[in-house]
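Remarks on the structure that follows.
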Amino acid sequence: MSSRRQYPFHLIEPKWQQHWDTQQTFKAWNPGEVLPAAHPFAVRHSLSGPVAVTQLPPKYYILDMFPYPSGAGLHVGHPEGYTATDILARYKRARGFNVLHPMGWDAFGLPAEQYAIKTGQHPRKTTEANVTTFKRQIQSLGFSYDWSREVDTTDPGYFKWTQWIFLQLYNAWFNPETNKAEPISTLKYPADCTTEEQKRAYRDSKRLAYVSEAPVNWCPELGTVLANEEVIDGKSEVGGFPVIRKPMRQWMLRITAYAEKLLNDLDGIDWSHSLKEMQRNWIGRSEGAEVDFEIADCGLRIAESGKRIRVFTTRPDTLFGATYMVLAPEHKLIDQILALATIKPHVNGEITAKTVNIVDASGKSVGIKPLAEAIEVARSQSLDLIQLSSVGEMAVCLLQDFGAFRFAQQELAKHGTDIIRYREEVAKKSDLERTELAKEKTGVFTGAYAINPVNGEKIPIWIADYVLATYGTGAIMAVPAHDERDWEVAKKFNLPTPPVVASPQMEAFKIDDRITRGWREVADPISRERIGYTLDGAPFVEEGVAVNSANSEISLNGLPTAEAKAKITSWLEAKGVGKKTINYKLRDWLFSRQRYWGEPFPIVWKDGHHSAVAAESLPLQPPDLTDFKPTSTGEPPLARAKDWVSLVDGSVRETNTMPQWAGSCWYYLRYLDARNGNAFCGKEAESYWMGTGGGKLKVEGSRLDTAAAQPATCNLQPVTPGVDLYVGGTEHAVLHLLYARFWHKVLFDLGHVSTPEPFFKLVNQGLILGEDGQKMSKSRGNVVNPDDILSEYGADAFRLYEMFMGPLEMVKPWNTKGVEGVYRFLGRVWRMFINDASETEFEQAETTADASKRGELLKLIQLDAAIKDVEATPAQLKTLHTAIKKVTEDLDAMRFNTAISALMVFTNEAMTWETKPVSVLRSFLQLLAPFAPHIAEELWDKLNGGRATSLVYAPWPAFDPALLVEDTLEIPVQVNGKLRDVIKIPATADNAAIEAAAKASEKVKLFIDGKTIKKLIIVPKKLVNIAVG
RNA sequence: GCCGGUGUGGCGAAAUGGCAGACGCACAGGACUUAAAAUCCUGGGACCAUAAAAAGUCGUGUGGGUUCGAGUCCCACCACCGGCACCA
């Protein structure tokens, strides 16, 4: 503040921001819109009136991740990406594109709601105030957004369509045959679905938006459930509160149906490698096999589903080494085991039900019969009728010898108490404890055994919480010799660890050697009989060669892992006890929240069934509340609004709301046609901005060139860019970006959008750290407020600095001194154009002038007398065209920092010119304009005597390579790779002349005289290297 | 542990396999000024040497390799940052 202002940015910046605003300079034109003839875009492209798609130039859609307008206001991280996209938007306008560059507000969210709970202030009020602040701050940076397309996710005109898209999901199913989403009306019902009730249940189970009663991530502190993606290390992403598992009725979105597409289509889009990897990891595809293990007969089979346990494994080749089995504590089979162990059976005469569903020992229903008849059936087989359960008049009865039943039940019951206790312990643990803290493996034996299908061995069934109920089948076969976790458990509980894979390097599969390879003889008689050896030391988890893996029908011995997998899998398939399977880590998206400040579901409930509200009745507005807390019964806050919830026909509204991600899943589509009241987006607008349609001009460097460079693996048909460039932070790698791709694909399948992928090219800006190199945070006190920087250095300097810090994608620390550097640069640019004396006069006038009149005083500032309308010298043209080339290439590659340095190089050079040709300065201002638009417009205006149209649509200067050709070349000469001299030589010199000149150099001679030249390299016009011996 | 990224002056950084450190910050010296600020000019990787210089040697995280030539390509390792993490 103490120093003199480099140039009057405080007047220039508001002046041009206002100018752009009133002229609607940055309005993007949709096909069919009426273009005023005077608009600079119309002038540039010779258009006016209603324009057809075919008349419009090619589009360029450049998008920022819209912000959540928090109470803290903008921080310097936000404008980093916004500046980058703004520079490119301005550049692309100059290159002749119709540029769509919008901004909006992701305004539903927890902070406003929590503030509301504390203060009673309605979240809408808080949100509106925050949006106002954000908008003011963003606008003060001079970004070229088309504000006529501003969206706000909390605006009923917006969330009407969020709800509408939800209904699209609700009314669709994923058809595996066509591999896409289809309207629910195309669903075919299985033969046993006959009644309306059955059909409804089937239909509801197939919808892309469905209701599920399952354990979910419940965060007591936030009073809501969270998606898997919102839980980090067992704590909520927002606030870091503990999260526990709790079964609740919730809305889910079937994103898993799209797992394969979400994975494969990454190949065709231009995202950073690491971001794609993050998505791939999150989707977590793994190939393996499902294998069925029969449960060893304990006399207690009761249902078909309980007869076998299905496991998932990625290493079916190790099946011969499975020595036990582990079920997740939540596995439903455990319930059956427990039920059997604890039921108090009624036998024969004790049964009171009128009818009986008889099941045999294998769990099959033998038939439903009146009680008397059922008893007769039992008597005829010398068995007992044991009642397992009853509903009303009907009982389910097992046909079995009661004595044997009681014995088996007692056996199970011995372990039953262990199981119950273990399950209770597990349930008490939070996710955090179950992962981070539970380093030591735990588990209990169930008392039951399974049969290994490859060798008929009886292996114990355990339950342990290191097996997750939600992945695969919730059950595994444990192969301790070849799996870290199984190894730990086996060691802890003294279970055998027979090896079935050997390292090929060690050739350990040569059985004779195995003892020296770390295998030792086992004492366990079962394993000894089968294998005779167990692995010592540590598990061998890599791929290798199968050993000890044979039965009378199949042998894997000697096969490398990949082949062994294939062989055993087809054997299992032939036997009908297994099949090749693909599993994903990705879970369905938990889509409901127990909150107020979100989109209400357009769903009503009646008699336990849900149905959609009519699309015509949308938007469904949330009720007005004064108390935003959940109800005392733990229901969501919407349940407080009794009038809102209850409808006249006796049905009630869904009281959950949608998560914050809903609004951001499709906002980029709303921008295309933001004020459309009849559709989420008009068809023509969608296909012009997102598709390949439209565009009469062939523009060099257009997106289509980029699309052509797609990798061969791309399987997107048709190849479409969608959003041409999307810039935002990595924090959305697996949340917003995965969800939005999912919604887009559903909309694509249903014919609402024309591209399978929404964001063709995506770039992550790197985090900006505080001056101390630490993450900016209030508690560290290192937060930089853009408003402070702006008032001291102006928006142009701020923009310039954000880009000059380093490559966009990199993490980099803020340094206010660096802002001064680029600010000084702008000062030099200013002085390159401006007459000193007139500026002094302006400054004096300004000190006395009325504040409102100061803008007018800019007129006092005169151009420097050295600026003349003369032909540029070759040297001046060379300086200019060097800059044009560098800035153009750097902008195409998003290298903003080096582009700015090229502008500095030009300025340093041009400052020294005695005469400055207008034409050269004009081109320079065009290069500068995307970076520092305000000063560029002001100087452009002065240079053109105040008569020119806005610089924004002036065609980008072309560079002429002919002007860059040098007469004299400076060629470095190396001897043995070390620089010894630089020779000057005419550009026309051929290699022989260069060689002669190099050898003639005195400095070079010192190093080559008296030595033999072994090799001589000449890179034409570049370099000479002489290798001597 | 797994996956990805990054290591270059005092600092932010730049360099199609071809003059390492462009551009900027900080710093030092000078000009202007009564003085300061601002501005303009000059300097600058380290070492060695010197009155000063020239010349020379070393130098892009570490160790190897390929090459006439490596910050850049290959192999092995180290450090930091980000993501995932009992995913069978």
Side-chain angles (χ1 to χ4, degrees), chain A residues 2-6 232-233 272-282 284-286 288 311-315 318 326 434-436 438-439 441 464-468 470-479 482-486 488-489 583-587 730-731 733-734 764 766-767 769 773 800-801 804-807 809-822 824-825 827-828 831 836 886 895 897-905 907-908 911 970-982 1003 1006 1013-1019 1022-1028:
Chain A
S2 54
S3 60
R4 182 188 157 186
R5 206 177 263 126
Q6 291 270 354
I232 315 267
D233 291 338
S272 74
H273 181 74
S274 69
L275 191 60
K276 284 187 184 181
E277 277 305 298
M278 276 192 225
Q279 291 226 336
R280 289 194 184 108
N281 288 340
W282 193 264
R285 182 183 196 272
S286 66
V311 303
F312 174 71
T313 176
T314 55
R315 292 294 298 270
T318 62
V326 188
R434 232 176 124 160
T435 55
E436 266 190 4
K439 289 194 177 79
K441 297 269 179 294
D465 68 354
Y466 78 94
V467 171
L468 307 175
T470 48
Y471 184 76
T473 59
I476 62 157
M477 63 177 201
V479 186
H482 305 290
D483 182 279
E484 284 288 348
R485 296 149 303 179
D486 298 344
E488 278 177 50
V489 174
N583 246 301
Y584 301 92
K585 282 202 290 186
L586 184 70
R587 294 295 119 69
T730 344
E731 65 272 24
V734 288
N764 290 120
L767 205 64
L769 307 172
L800 221 43
Y801 176 66
F804 191 61
M805 293 167 85
E809 299 92 329
M810 294 290 147
V811 178
K812 52 224 165 233
W814 180 268
N815 178 8
T816 300
K817 286 284 184 194
V819 187
E820 280 178 36
V822 292
R824 278 202 281 267
F825 160 67
R828 282 205 300 284
R831 289 189 295 277
D836 265 355
K886 181 79 176 142
R895 291 185 299 248
N897 54 333
T898 51
I900 292 167
S901 85
L903 294 171
M904 290 172 168
V905 170
T907 308
N908 292 345
M911 290 284 283
E970 292 192 354
I971 296 188
V973 182
Q974 300 177 338
V975 177
N976 285 346
K978 283 185 180 157
L979 180 73
R980 297 305 177 184
D981 197 9
V982 177
K1003 289 178 186 165
L1006 281 172
I1013 296 178
K1014 286 198 296 193
K1015 200 163 183 181
L1016 196 135
I1017 313 282
I1018 298 182
V1019 184
K1022 272 279 175 76
L1023 170 136
V1024 178
N1025 189 11
I1026 305 169
V1028 295

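Protein chains get the first letters and strands the later ones, always in sequence-line order, with residue 1 at the start of each. Only this structure's heavy atoms are used, side chains among them; waters, hydrogens and symmetry mates stay out.
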Out of [options], which has the shortest distance to the side chain of [X]?
{"X": "A/A1027", "options": "B/C68, B/C86, B/A13", "result": "B/C68"}
{"X": "A/N281", "options": "B/C3, B/A15, B/G18", "result": "B/C3"}
{"X": "A/Q974", "options": "B/C19, B/A88, B/C23", "result": "B/C19"}
{"X": "A/D483", "options": "B/A88, B/C68, B/A15", "result": "B/A88"}
{"X": "A/M810", "options": "B/C84, B/A14, B/U6", "result": "B/U6"}
{"X": "A/D465", "options": "B/G12, B/C86, B/C19", "result": "B/C86"}

When all nucleic acid strands are considered with a 4.0 Å heavy-atom cut-off, which category describes [X]: base, sugar-phosphate, or nothing?
{"X": "A/V905", "result": "sugar-phosphate"}
{"X": "A/G284", "result": "nothing"}
{"X": "A/R280", "result": "nothing"}

- prompt: Does A/S274 place a side-chain N or O at less than 4.0 Å from the phosphate oxygens OP1/OP2 of B/G83?
  reply: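 Answer is no, no contact under 4.0 Å.
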
- request: Report yes or no: is there a donor-acceptor pair, N or O only, under 3.5 Å between the side chain of A/K1014 and the base of B/C68?
  value: no

Side-chain-base donor-acceptor pair under 3.5 Å for A/K1022 and B/U16: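 Yes.
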
- prompt: To the nearest angstrom, how far is A/M477 atom CE from B/C86 atom P?
  reply: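 Rounded to the whole Å, the gap is 20 Å.
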
query: If we call it a pair only when both distances are under 3.5 Å in a Watson-Crick or G-U wobble match, what pairs with B/U8?
result: none

- prompt: In the structure shown, which nucleotide is the Watson-Crick or G-U wobble counterpart of B/C2, with both distances under 3.5 Å?
  reply: B/G83

